[in-house]
Novice: 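What follows is a single structure, and I will ask about it in a moment.
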Amino acid sequence: MKQPVRVAVTGAAGQIGYALLFRIASGAMLGNDQPVILQLLDITPAMEALQGVKMELDDCAFPLLQDVVCTDDPNVAFKDADYALLVGARPRGPGMERKDLLEANAAIFSVQGKAMNEHASRDIKVLVVGNPANTNALIAQRNAPDLNPRNFTAMTRLDQNRAMTQLAQKTGTAVTDVTNMIIWGNHSSTQFPDLYHANVAGGNAMDKVEQDWYENDFIPTVQQRGAAIIKARGASSAASAANAAIDHMRDWALGTADGDSVSMAVYSDGSYGIQEGLIFSFPCTCKDGDWSIVQGQDINEFSQAKLEATETELAEERDAVSHLLP
Ligand code: NAX
């Protein structure tokens with residue numbers, strides 16, 4: 001049996017946490033041969049609810065689950081952590097401007113970045129789910145100067161999974177026929193779902209759909225899916241978000257399939273002209289626990305304008321919190 005790894009999850013008493021923890025503990029994220037220790041962080045008023053979640057984890061008697069730590073102290077939650085899923089974030093309250101939201105989250109993610117810098121494994125793999133996810137990841141990364149910036153990522157996998165199913169349904173194929181379905185940029189309504197490089201059953205996706213459907217149906221549906229779920233369910237996506245977090249971490253840790261690429265918001269090295277240092281979603285492949293950005297894709301005029309719009313938004317988010325960045 002392998003040595004157990006430590007998985008920190010923040011916002012663990014929340015609705016995504018409830019859909020996520022049981023799957024991590026069951027082996028869905030890191031494999032059926034990888035024991036895990038869960039280190040769960042939430043705020044002090046949520047400690048009782050978190051204890052209830054721990055009781056249910058205990059009651060599953062998961063063979064791979066070696067221990068569950070519940071805490072309201074980031075220094076405890078991130079101690080020796082090999083993986084961190086940062087789900088907890090400050091939601092937008094009544095009357096809150098976008099700038100207030102960015103600042104409230106900057107406070108949370110700077111504390112957590114510092115705690116990881118001090119206490120986590122040097123190889124920690126961090127996924128930020130809590131919104132605004134890309135900029136929260138940037139803030140955590142900048143507050144962890146002793147860790148490799150490549151260790152910090154944000155989630156656009158839910159957007160990718162949404163896009164894969166929309167495309168499969170439109171073309172009458174199975175989701176397993178869809179590959180290289182990439183979301184570029186920010187996890188927000190400026191994200192760019194790119195069909196020019198996606199494949200359906202071995203052929204190019206754009207040969208199987210009309211441009212009009214792509215621009216006026218597919219892109220807005222994927223971009224607005226989160227809002228549609230809130231409208232229908234009265235609560236934001238939870239199980240599908242947790243599922244995407246599992247997909248993101250599993251591929252990063254265990255590798256992507258040959259010939260396929262996945263959407264990960266990662267530290268920009270300037271690829272495709274995107275400003276260095278932004279946490280930007282690119283087509284990525286993963287191998288041996290490391291990711292790389294797929295290079296050399298042709299970007300047409302339509303795509304270039306979309307990439308620039310989402311890059312501009314991310315640069316504005318960064319600038320809005322720059323006074324809080326070290
Ligand atoms: P909930 O409100 O159900 O849970 C959030 C939890 O975080 C609560 O238990 C809260 O006490 C905790 N929390 C707040 N501040 C904290 C802090 N400083 N340290 C630790 N825990 C803290 O929200 P939920 O539905 O679980 O969503 C969590 C986040 O995911 C939200 O920011 C949401 O916007 C974001 N999402 C991101 C998605 C993505 O694709 N990247 C999709 C789904 C989701 O909308």
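Bear in mind that the values here come from a model prediction, so they are computed numbers and not experimental data. We count ligands from 1, going down the list as the structure has it; atoms in each ligand are counted the same way.
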Novice: For atom 42 (C) of ligand 1, what is the nearest protein heavy atom, given as residue, atom name and distance?
Specialist: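 Scanning the protein heavy atoms, the shortest distance from atom 42 (C) of ligand 1 goes to Leu158 CD2, 3.7 Å.
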Novice: Would you call the rings of Tyr214 and Tyr196 parallel, tilted or perpendicular if under 30° counts as parallel and over 60° as perpendicular?
Specialist: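 Tyr214 and Tyr196: perpendicular rings.
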Novice: With a 4.0 Å cut-off on N to O distance, would you call Lys306 and Asp194 a salt bridge?
Specialist: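 A salt bridge is absent here (no side-chain N lies under 4.0 Å from a carboxylate O).
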Novice: What is the closest protein heavy atom to atom 8 (C) of ligand 1, and at what distance does it sit?
Specialist: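 Going atom by atom, the protein heavy atom closest to atom 8 (C) of ligand 1 ends up being Asp42 OD2, 3.7 Å.
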Novice: Report the nearest protein non-hydrogen atom to atom 5 (C) of ligand 1: residue, atom name, distance rounded to 0.1 Å.
Specialist: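 Closest protein heavy atom to atom 5 (C) of ligand 1: Gly14 CA, 4.2 Å.
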Novice: Regarding ligand 1, does Asn131 bring an N or O atom to under 3.5 Å of one of the ligand's N or O atoms?
Specialist: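 Looking only at distances, the answer is yes, because the N/O contact criterion of under 3.5 Å is met.
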Novice: Below 4.0 angstrom from a heavy atom of Ser237, which ligand 1 atoms are there? Numbered from 1 as shown, please.
Specialist: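 Answer for ligand 1: 43 (C).
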Novice: Could you find the nearest protein heavy atom to atom 14 (C) of ligand 1 and give me its residue, atom name and distance?
Specialist: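 Protein heavy atom at minimum distance: Ala89 O, 3.8 Å.
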Novice: How far is atom 23 (O) of ligand 1 from its nearest protein heavy atom, and which residue and atom name does that atom have?
Specialist: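 The closest heavy atom on the protein side is Gln15 CG, 4.4 Å.
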Novice: Would you check if the side chain of Glu311 reaches a backbone N or O of Gln275 as a donor-acceptor pair within less than 3.5 Å?
Specialist: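 Looks like yes, one N/O pair under 3.5 Å.
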Novice: Record the part of Arg90 in heavy-atom contact with ligand 1 below 4.0 Å; permitted values are side chain, backbone, both and neither.
Specialist: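 The answer is neither.
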Novice: Are the side chain of Ser261 and the backbone of Cys284 linked by a donor-acceptor contact shorter than 3.5 Å?
Specialist: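 No: the side chain of Ser261 does not pair with the backbone of Cys284.
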Novice: Can you find a side-chain donor-acceptor pair between Asn143 and Asn117 that sits under 3.5 Å?
Specialist: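 Their side chains do not contain a donor-acceptor pair, so the 3.5 Å distance test is not met.
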Novice: Just to confirm my output: which protein heavy-atom neighbour is closest to atom 15 (N) of ligand 1, and how far is it?
Specialist: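 The answer is Ile43 CG2, 3.8 Å.
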Novice: Check contact between Arg157 and ligand 1, using heavy atoms of the residue and a distance below 4.0 angstrom.
Specialist: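 It does not; every heavy atom stays at 4.0 Å or beyond.
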Novice: Take the angle between the ring planes of Tyr18 and Phe22 and call it parallel below 30°, perpendicular above 60°, tilted in between.
Specialist: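 Ring orientation of Tyr18 relative to Phe22: perpendicular.
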Novice: Would you say Gln295 and Ser271 are linked by a side-chain donor-acceptor pair, where the criterion is simply a distance under 3.5 Å?
Specialist: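 Gln295 and Ser271 do have a side-chain donor-acceptor pair below 3.5 Å.
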Novice: Under the 4.0 Å line, does any protein heavy atom show up next to atom 40 (O) of ligand 1?
Specialist: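 Yes, because at least one protein heavy atom sits under 4.0 Å from atom 40 (O) of ligand 1.
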Novice: Has ligand 1 got any nitrogen or oxygen that is less than 3.5 angstrom from a nitrogen or oxygen of Val129?
Specialist: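 Min N/O separation from ligand 1 is below 3.5 Å for Val129.
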Novice: Short question: side chain of Asn134, backbone of Ile279 - any donor-acceptor pair under 3.5 Å?
Specialist: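 Side chain of Asn134 to backbone of Ile279, a donor-acceptor pair under 3.5 Å: yes, one is there.
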Novice: Under 4.0 Å from any heavy atom of His187, which atoms of ligand 1 are there?
Specialist: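 Once the distances to His187 are compared, the set is 38 (C), 39 (C), 40 (O), 41 (N).
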Novice: Taking the inter-plane angle between the rings of Phe280 and Phe282 on a 0 to 90° scale, is it parallel (under 30°), tilted (30 to 60°) or perpendicular (over 60°)?
Specialist: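 The rings of Phe280 and Phe282 sit tilted, inter-plane angle from 30° to 60°.
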Novice: Counting non-hydrogen protein atoms only, what is the nearest one to atom 21 (N) of ligand 1? Give residue, atom name and distance.
Specialist: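 In this structure, atom 21 (N) of ligand 1 has Gly11 N, 3.4 Å as its nearest protein heavy atom.
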Novice: Quick one: nearest non-hydrogen protein atom to atom 29 (C) of ligand 1, plus distance?
Specialist: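 Here the closest protein heavy atom is Val87 O, 3.2 Å.
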Novice: In terms of hydrophobic clustering (I, L, V, M, F, W, Y; side-chain heavy atoms under 4.5 Å; direct or indirect links), are Val294 and Ile182 co-clustered?
Specialist: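 No: no chain of side-chain contacts under 4.5 Å links Val294 to Ile182.
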Novice: Have Ser263 and Thr156 got a donor and an acceptor in their side chains that come within less than 3.5 Å?
Specialist: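 Side chains of Ser263 and Thr156: no pair found under 3.5 Å.
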Novice: If you count the atoms of ligand 1 from 1 in the order shown, which ones are under 4.0 Å from a heavy atom of Ser236?
Specialist: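 Listed by number with element: 25 (O).
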Novice: Need the ligand 1 atom indices (1-based, order shown) with element for anything under 4.0 Å from a heavy-atom of Gln112.
Specialist: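 With Gln112 as reference, the close atoms of ligand 1 come out as 19 (N).
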Novice: For Thr10 and ligand 1, does the shortest N/O to N/O distance drop below 3.5 Å?
Specialist: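 So ligand 1 has no N or O lying under 3.5 Å from an N or O of Thr10.
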Novice: Would you kindly specify which portion of Met155 sits under 4.0 Å from ligand 1, judged on non-hydrogen atoms: side chain, backbone, both or neither?
Specialist: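 Within the 4.0 Å criterion, Met155 contacts ligand 1 through backbone and side-chain atoms alike.
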Novice: Quick check: are there more than 12 heavy atoms from other residues, nucleotides or ligands sitting under 6.0 Å from CG of Asp258?
Specialist: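 Counting neighbours around CG of Asp258, 12 or fewer heavy atoms of other residues, nucleotides or ligands fall under 6.0 Å, so no.
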Novice: Please confirm whether Ile16 comes within less than 3.5 Å of ligand 1 when only nitrogen or oxygen atoms on both sides are compared.
Specialist: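 So ligand 1 has an N or O lying under 3.5 Å from an N or O of Ile16.
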Novice: Counting from 1, what ligand 1 atoms have a heavy atom of Ile108 closer than 4.0 Å?
Specialist: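 By the 4.0 Å cutoff, the relevant atoms are 18 (N).
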Novice: Can you confirm whether the side chains of Glu317 and Asn186 place a donor and an acceptor under 3.5 Å from each other?
Specialist: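 Indeed, the side chains of Glu317 and Asn186 share at least one donor-acceptor pair under 3.5 Å.
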Novice: So is there a nitrogen or oxygen of Asp159 less than 3.5 Å from a nitrogen or oxygen in ligand 1?
Specialist: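 It does not: no N or O of Asp159 is found under 3.5 Å from an N or O of ligand 1.
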